[in-house]
Amino acid sequence: MKKNILVISTSPRQGSNSEALADAFIQGAREAGNQVEKITLRHKTIGFCTGCLACVRTRRCVIQDDARAIAQAMLTADAVAFATPVYYYGMSGQMKTLLDRCNPLYSADYAFRDIYLLCAAAEEGEHTADGTVTGLQGWIDCFEKARLAGTVFAGGVTAPGEIQGHPAVRKAYDMGKNT
């Protein structure tokens, strides 16, 4: 069954290693016959949540910036994949800010069920991505119909493009292909 998949690349860096994972995931998902949209946050304007909670009543954020359209794209996606660099053992600030701004989805009839995490870091340690996974899982836990369906981590990659040939690229492709 063909799925509507949204891939959100959160790295502020052009040609980033996490974006390479996103692109591999997209290639696999498209080859499997899915409809895929990619949103890159690099040039988007996304303000911080003010905590006003107006979105709980209206199902839309009062802040008029790019987060509104991204949340709308998430609402109708069957699956969402987030690609992020790991900064200080957590997700990028851009990703966290977007997740906070997706509060209007909480009470909406969202379509997404499967959430994927694609992340890359200079650090290679076994637990490098644990904080990133925990942060995303905390967001997912607020959406009872959603689940963390898969994670790919590429450690030991710093400079843009350094991920070429890393086994995580193939894992991201395979995960997209099997979405």
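Keep in mind the model is a prediction, meaning the values are calculated, not measured.
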Subject >> Y173/F25 under ring pair (Phe, Tyr, Trp, His ring centres under 6.0 Å): CA gap, chis, key distance, verdict >> reply: CA-CA 4 Å; Y173 168 84; F25 182 94; 9.9 Å; no
Subject >> Heavy-atom pair with the smallest gap, counting every atom of A54 and V62 >> reply: CB-CG1, 3.7 Å
Original post:
For the side chain of T128 and the backbone of G125, is there at least one donor-acceptor N/O pair under 3.5 Å apart?
Top reply: yes
Original post:
Which pair of non-hydrogen atoms, one from A172 and one from L21, has the smallest distance, and what is that distance?
Top reply: CB-O, 3.5 Å
Original post:
Does any non-hydrogen side-chain atom of K38 lie less than 4.5 Å from one of I8?
Top reply: no
Original post:
Would you say Q72 has more than 12 foreign heavy atoms packed within less than 6.0 Å of its CD?
Top reply: no
Original post:
Should K171 and M175 count as side-chain neighbours, where that means a heavy-atom distance under 4.5 Å?
Top reply: no
Subject >> Heavy-atom closest pair, residues A77 and L6 >> reply: CB-CB, 3.8 Å
**OP:** Kindly give the heavy-atom pair with the smallest separation between C102 and M74, and that separation in Å.
**Re:** SG-SD, 3.5 Å
Original post:
Do T84 and T10 meet the criterion of a side-chain donor-acceptor pair at a distance under 3.5 Å?
Top reply: yes
Subject >> Validation row: N34, N4 side chains within 4.5 angstrom (heavy atoms) >> reply: no
**OP:** Output yes when a side-chain donor or acceptor of N17 lies under 3.5 Å from a complementary backbone atom of I163, and no otherwise.
**Re:** yes
**OP:** Give a yes or no answer on whether the side chain of T179 reaches the backbone of G176 with a donor-acceptor pair at less than 3.5 Å.
**Re:** yes
Original post:
T132 versus Y89: any side-chain heavy-atom pair under 4.5 Å?
Top reply: no
Original post:
Below 4.5 Å, heavy atoms only, C-beta onward: do D109 and K145 meet side chain to side chain?
Top reply: yes
Do any side-chain atoms of residues 41-51 form donor-acceptor pairs under 3.5 angstrom with protein atoms, and if so which ones, sequence neighbours left out?
from	atom 1	to	atom 2	distance (Å)
R42	NE	Q14	OE1	3.2
R42	NH1	S11	O	3.4
R42	NH1	R13	O	3.1
R42	NH1	E19	OE1	3.3
R42	NH2	E19	OE1	3.0

**OP:** Taking the side chain as every heavy atom from C-beta outward, state whether C61 and R101 have any atom pair closer than 4.5 Å.
**Re:** yes
Original post:
Can you list every ring pair (Phe, Tyr, Trp, His ring centres under 6.0 Å) pair that touches residues 140-167, not counting sequence neighbours?
Top reply: Y110-F143, F112-F143, W139-F143
Subject >> Q137 and D141: side chain donor to acceptor below 3.5 Å >> reply: yes
Subject >> Contact summary for N103 and V56, nearest pair of heavy atoms >> reply: ND2-CG2, 4.0 Å
Original post:
Transitively linked via ILVMFWY side-chain contacts under 4.5 Å: V152 with M91?
Top reply: no
Original post:
Heavy-atom distance under 4.5 Å between the side chains of D114 and R147, does that happen here?
Top reply: yes
Subject >> Non-hydrogen atoms of D130 and H127 that approach each other most closely >> reply: OD2-ND1, 2.7 Å
**OP:** Flag the pair M95 / L117 as yes when at least one side-chain heavy-atom distance between them is below 4.5 Å, and no otherwise.
**Re:** yes
Subject >> Note: K2-D78 ion pair, threshold 4.0 Å (strictly below) >> reply: no
